[in-house]
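First comes the structure, then the notes that go with it.
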Amino acid sequence: MEVEIYRMVLTKKTAIIVPCYNEAKRLNRDAFLDFLKGDKNLHFLFVNDGSRDTTLDLLISLQKANPTQISYLNLEKNSGKAEAVRQGLMKTLELDYINIGYWDADLATPLYAINNFCRILDTSDNNLVIGSRVRLLGRTIKRHAMRHYMGRVFATFASLVLQIPIYDTQCGAKIFKKTDSLKKSLKKPFSVNWTFDVELLARLALIERARGVKEPESTWVEYPLEEWADVKGSKVGWKDFISGGLECLKIFSLLHLPGRKDRYLASLID
Ligand SMILES: Nc1nc2c(ncn2[C@@H]2O[C@H](COP(=O)(O)OP(=O)(O)O)[C@@H](O)[C@H]2O)c(=O)[nH]1
Ligand SMILES: [Mg+2]
């Protein structure tokens, strides 16, 4: 009994989008179901991104196992992670949630970090918590060396494009407070796919600055994760690193070429 009380974490109403593309083998059904027992205010919205395996069947069975806290959205055609996450976020923005985020299906970031992120959002003025894979003593960040170094190059580039000193844009664990700026930043499909996190942050920063909301530096928090692990079965490879660099250049052009920024901003807030 005491254990149950200890585990019960009452976050404000939170919805987490879990994008799924061919995740039938990797998705840990029990981990999601067990985690929900500890927080009745938490909801998972799985987005099946046109999977060609039995992911949809798995999501249907998950939803049946806990219909009040699990739902799914089925995209018939594979649209990429960016669009899958955007569709999921837009769906939950229409509903009554205070915190809205996304989490990779492979649980590279363990689910318990959701509690830590929400605690920050629920007890501060911060409106975004970003999972950050920083290798510090006492933390367990298991990342293949090559992916780590490629990731560091990319993250440095992304931070320069954003002109925000952010350490890790690419970790698939982020939770936002529901705000009008977030809604506006999801209005249009992203121009990029794997680096959509960078474009989403760029949009949020542009919109918030235009509205005179506090600078992102003072309302966003990077949370150094206690644990993170590269999970086998990633579909991201060398080619994606190169296309990620090209995508980042595209975001750079949207933000920094003369006249583009204003047009880009107008397309989001009009
Ligand atoms: N590869 C891939 N992943 C997708 C797609 N749509 C959604 N996802 C999800 O994006 C998340 C991250 O994928 P993963 O292959 O683990 O990428 P990595 O962790 O960056 O190596 C997982 O939850 C996938 O199921 C897609 O079109 N392709
Ligand atoms: Mg992964």
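These values consider heavy atoms only, across backbone and side chains, with no hydrogens, waters or symmetry-generated copies. Ligands are counted one by one from 1 in listed order, and the atoms in each one are counted from 1 as well.
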Can you tell me if an N/O/S atom from D106 lies under 2.8 Å from the Mg ion (ligand 2)? yes

Atoms in ligand 1 flagged as close to D106, the criterion being non-hydrogen separation under 4.0 Å: 16 (O), 19 (O)

Name the closest protein heavy atom to atom 10 (O) of ligand 1, giving the residue it belongs to and the distance to 0.1 Å. K81 CD, 3.3 Å

Can you tell me which residue and heavy atom of the protein come closest to atom 17 (O) of ligand 1, and the distance to 0.1 Å? V236 CG2, 3.4 Å

State, without any angle test, whether T55 and D57 hold a side-chain donor-acceptor pair at a distance under 3.5 Å. no

What atoms of ligand 1 come within less than 4.0 Å of a heavy atom belonging to S234? 15 (O), 17 (O), 18 (P), 21 (O)

Does D34 pair with K37 as a salt bridge, N-O distance under 4.0 Å? yes

Quick check for you: to the nearest 0.5 Å, what is the distance between L42 atom CG and C118 atom SG? 7.0 Å

Are G80 and ligand 1 in contact, using a heavy-atom cut-off of under 4.0 Å? yes

I need the nearest protein heavy-atom contact for atom 15 (O) of ligand 1: residue, atom name and distance, please. K235 N, 3.0 Å

Tell me which protein heavy atom sits closest to atom 8 (N) of ligand 1, plus the residue, atom name and distance to 0.1 Å. Y21 CB, 3.8 Å

Which protein non-hydrogen atom lies closest to atom 23 (O) of ligand 1, naming both residue and atom, and how far is it? P19 O, 2.7 Å

Going by the atom numbers of ligand 1, which of them fall below 4.0 Å from some non-hydrogen atom of E23? 22 (C), 23 (O), 24 (C), 25 (O)

Among L93, T14, I98, which residue meets the side chain to side chain contact (heavy atoms under 4.5 Å, CB included) test with K178? L93

Run Y102 and F196 through ring pair (Phe, Tyr, Trp, His ring centres under 6.0 Å) and show every step you take. CA-CA 12 Å; Y102 53 89; F196 81 93; 5.5 Å; yes

Stepwise salt bridge (Lys or Arg N to Asp or Glu O under 4.0 Å) check, E83 with R86: CA-CA 5 Å; E83 186 58 11; R86 193 181 76 94; 2.9 Å; yes

Any side-chain heavy atom of E199 within less than 4.5 Å of one from Y264? yes

For atom 3 (N) of ligand 1, what is the nearest protein heavy atom, given as residue, atom name and distance? W194 CH2, 3.6 Å

Step by step, would you call Y72 with F44 a ring pair (Phe, Tyr, Trp, His ring centres under 6.0 Å)? CA-CA 8 Å; Y72 66 88; F44 287 115; over 10 Å; no

Within 4.0 Å of some non-hydrogen atom of R26, the atoms of ligand 1 are 14 (P), 15 (O), 16 (O)

Ring pair (Phe, Tyr, Trp, His ring centres under 6.0 Å), that's the test. Do F32 and W103 meet it? Break it down for me. CA-CA 12 Å; F32 283 96; W103 219 261; 9.6 Å; no

Of the side chain and backbone of R147, name the one, both, or neither that has a heavy atom under 4.0 Å from an atom of ligand 1. side chain

Answer yes when K214 and E208 have at least one side-chain N-carboxylate O distance shorter than 4.0 Å, and no when they do not. no

Ion pair check, K232 and D106, cut-off under 4.0 Å: no

Can you tell me if Y97 and E94 form a side-chain donor-acceptor pair at under 3.5 Å? no

What I want to know is whether A84 and ligand 1 share at least one N or O pair that is separated by under 3.5 angstrom. no

Classify the contact between K232 and ligand 1 as side chain, backbone, both or neither, using a heavy-atom distance cut-off of under 4.0 Å. neither

Is there a polar contact between ligand 1 and A105, counting only N or O atoms under 3.5 Å apart? yes

Does only the side chain of N78 get under 4.0 Å from ligand 1, or the backbone, or both, or neither? Count heavy atoms. side chain

Taking only heavy atoms of D49 into account, list the atoms of ligand 1 that are under 4.0 Å away from them. 5 (C), 6 (N), 7 (C), 26 (C), 27 (O)

Where ligand 1 meets D104 - atom numbers and elements under 4.0 angstrom, heavy-atom basis: 11 (C), 12 (C), 19 (O), 23 (O)

So which bit of C20 gets within less than 4.0 Å of ligand 1, heavy atoms only: side chain, backbone, both or neither? backbone

